[in-house]
Amino acid sequence: MPLLQIDGLTHAFGGLMAVAGFSTTLNHDETVGLIGPNGAGKTTVFNLLCGLYRPQKGELLFEGRRLNGLRPHQITSLGIGRTFQNIRLWNELSVLDNLRIAHYSQMNYGFLDTIFLTPRLRASERRVRDEAMELLRLFRLESHYQDRPRNLAYGLQRRVEICRALVMKPKLLLLDEPAAGMNQGEIDELVELIRWVRREFRVTVWLIEHQMRVVMSICDRIQVVDFGKTIAQGTPDEIRNDRRVIDAYLGEEAV
């Protein structure tokens with residue numbers, strides 16, 4: 001059974017067709033790129049998958065379970081984590097607290113436990129803190145656990161966001177333009193980080209990215225969309241040499 005199967009996904013905003021009959025299949029343990037010009041519908045696909053929008057047509061299946069109609073938190077709990085094109089961290093909280101909040105749905109205590117500070121509450125909070133600190137250690141962020149995200153370098157903020165997305169132990173990790181705003185040194189570190197995350201956490205990665213160096217170096221295969229429709233899919237070499245992709249997106253200088 002594939003990890004994710006999307007068939008005929010369609011969504012329009014007013015008279016603008018954002019996604020038209022989009023279909024794809026993602027398997028376990030692979031990195032797949034989703035590329036195309038600005039406005040091609042890439043982020044809309046992610047938002048439909050995560051329940052932020054309701055598809056007007058099409059089927060979304062995750063490990064055989066239909067996602068259509070589920071709320072975002074229900075979809076997250078099934079094993080889908082994501083980051084956003086614009087980093088969305090709680091800048092008034094510490095790095096550690098950003099991760100602790102992401103554990104909320106895993107808490108096993110109730111209202112009365114919070115009133116009376118029961119042993120169950122203390123044990124659960126201790127477990128959450130320990131797990132969050134272990135993730136920060138794995139991401140080489142433990143020295144920043146008390147820092148506010150806004151005070152960190154941009155590359156470190158992106159690292160915190162990916163770390164937070166892994167709190168729920170997802171099987172599928174969606175990365176929406178993770179290299180946006182990074183310098184070349186940060187991009188090189190990001191490439192190695194994504195490779196490490198896939199290997200260490202045994203997670204399938206679905207990646208939207210305009211930095212072709214990132215996409216071509218880490219993706220097993222790539223799907224290209226334009227005006228909401230798929231125009232090509234294949235290995236990085238196949239995409240690099242596809243005339244439709246060159247004309248619509250890459251340009252001759254990228255070949």
Side-chain angles (χ1 to χ4, degrees), residues 29 31 46 50 72-73 76-109 113-114 117-209 211 213-214 217-218:
D29 192 24
T31 299
F46 275 19
C50 292
H73 73 275
T76 298
S77 68
L78 292 176
I80 299 178
R82 78 171 289 184
T83 67
F84 291 84
Q85 183 175 347
N86 299 314
I87 293 176
R88 298 185 183 182
L89 295 170
W90 292 289
N91 282 312
E92 299 306 316
L93 300 177
S94 69
V95 167
L96 175 61
D97 284 342
N98 268 266
L99 268 65
R100 290 176 64 206
I101 287 177
H103 278 90
Y104 176 76
S105 64
Q106 300 176 334
M107 296 298 192
N108 60 356
Y109 57 79
D113 294 299
T114 64
L117 299 178
T118 62
R120 180 166 61 173
L121 178 144
R122 291 195 294 270
S124 183
E125 290 287 351
R126 185 165 53 251
R127 174 184 61 82
V128 164
R129 189 183 191 283
D130 290 346
E131 290 182 5
M133 286 300 298
E134 177 61 15
L135 264 178
L136 292 176
R137 185 191 66 77
L138 288 172
F139 276 74
R140 303 195 307 274
L141 289 166
E142 67 270 31
S143 63
H144 299 288
Y145 80 100
Q146 290 183 311
D147 294 341
R148 300 294 187 266
R150 64 169 178 263
N151 296 326
L152 300 178
Y154 188 85
L156 288 178
Q157 291 184 44
R158 185 65 78 181
R159 189 178 287 262
V160 171
E161 189 182 36
I162 295 173
C163 186
R164 186 181 64 183
L166 291 168
V167 162
M168 295 294 293
K169 302 178 177 64
K171 301 171 186 176
L172 173 61
L173 178 62
L174 312 179
L175 302 179
D176 193 346
E177 296 193 35
M182 290 187 175
N183 60 41
Q184 194 55 58
E186 290 171 331
I187 289 174
D188 291 341
E189 290 183 2
L190 175 70
V191 167
E192 292 307 314
L193 176 65
I194 294 173
R195 287 174 175 155
W196 174 80
V197 164
R198 175 182 163 184
R199 183 175 64 251
E200 181 74 18
F201 293 88
R202 302 179 63 83
V203 63
T204 293
V205 177
W206 199 10
L207 171 76
I208 295 174
E209 186 52 70
Q211 292 280 351
R213 180 177 178 183
V214 175
S217 64
I218 66 175

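For reference, positions follow the sequence shown, starting with 1.
Between the CG atom of Leu156 and the CZ atom of Arg140 there is a distance of 9.5 Å, given to the nearest 0.5 Å. Taken to the nearest 0.5 Å, the CD atom of Gln184 stands 7.0 Å off from the CD atom of Gln211. Taken to the nearest 0.5 Å, the CG atom of Leu141 stands 10.0 Å off from the CD1 atom of Ile162. For the atom pair CG (Leu89) and CZ (Phe84), the distance works out to 11.0 Å, reported to the nearest 0.5 Å. For the atom pair CD1 of Ile194 and CD of Glu189, the computed distance is 12.5 Å after rounding to the nearest 0.5 Å. For the atom pair OG of Ser217 and CD of Glu192, the computed distance is 8.5 Å after rounding to the nearest 0.5 Å.
Between the side chain of Tyr154 and the backbone N or O of Ala180, at least one donor-acceptor pair lies under 3.5 Å. Looking only at distances, no side-chain donor or acceptor of Glu125 sits under 3.5 Å from a matching main-chain atom of Arg122. When atom types are taken as modelled, the side chain of Arg198 and the backbone of Asp29 share a donor-acceptor pair closer than 3.5 angstrom. Of the possible donor and acceptor atoms, none in the side chain of Asp97 sits under 3.5 Å from a partner among the backbone N and O of Arg100.
Between Asn91 and Arg148, the closest side-chain pair of non-hydrogen atoms is not below 4.5 Å. Within the 4.5 Å cutoff, side-chain heavy atoms of Asp188 are placed close to those of Arg213. Between Leu207 and Val214, some side-chain heavy-atom pair lies under the 4.5 Å cut-off. Between Asp130 and Met133, the closest side-chain pair of non-hydrogen atoms is not below 4.5 Å. Between Leu138 and Trp196, the closest side-chain pair of non-hydrogen atoms falls below 4.5 Å.
Applying the side-chain hydrogen bond (donor to acceptor under 3.5 Å, both in side chains) criterion to Arg202, with sequence neighbours excluded, gives no partner residue. With sequence neighbours left out, the salt bridge (charged side-chain N to carboxylate O under 4.0 Å, His left out) criterion links Arg82 to Asp176.
Glu161 and Arg158 make their closest contact through OE1-NH1, 2.8 Å (heavy atoms, listed as atom of the first residue, atom of the second, distance). Between Ala102 and Arg164, the shortest heavy-atom contact is CB-CG, 3.7 Å. Nearest heavy atom pair, residue Gln157 against residue Leu152, reads NE2-O, 3.0 Å. Taking all atoms of both residues into account, the shortest heavy-atom contact from Glu209 to Ala179 is OE1-N, 2.9 Å. Contact record, Leu93 with Pro149: O-CD, 3.1 Å, taken as the closest heavy-atom pair. Taking all atoms of both residues into account, the shortest heavy-atom contact from Pro170 to Gly81 is CB-N, 3.6 Å.
Below 30°, between 30° and 60°, or above 60°: for Phe201 and Phe139 the angle between ring planes is between 30° and 60°, a tilted geometry.
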Evaluate the salt bridge (Lys or Arg N to Asp or Glu O under 4.0 Å) criterion for residues Glu131 and Arg127: first the C-alpha distance (whole Å), next the side-chain angles of each, then the deciding distance (0.1 Å), finally the verdict.
-> CA-CA 6 Å; Glu131 290 182 5; Arg127 174 184 61 82; 3.4 Å; yes
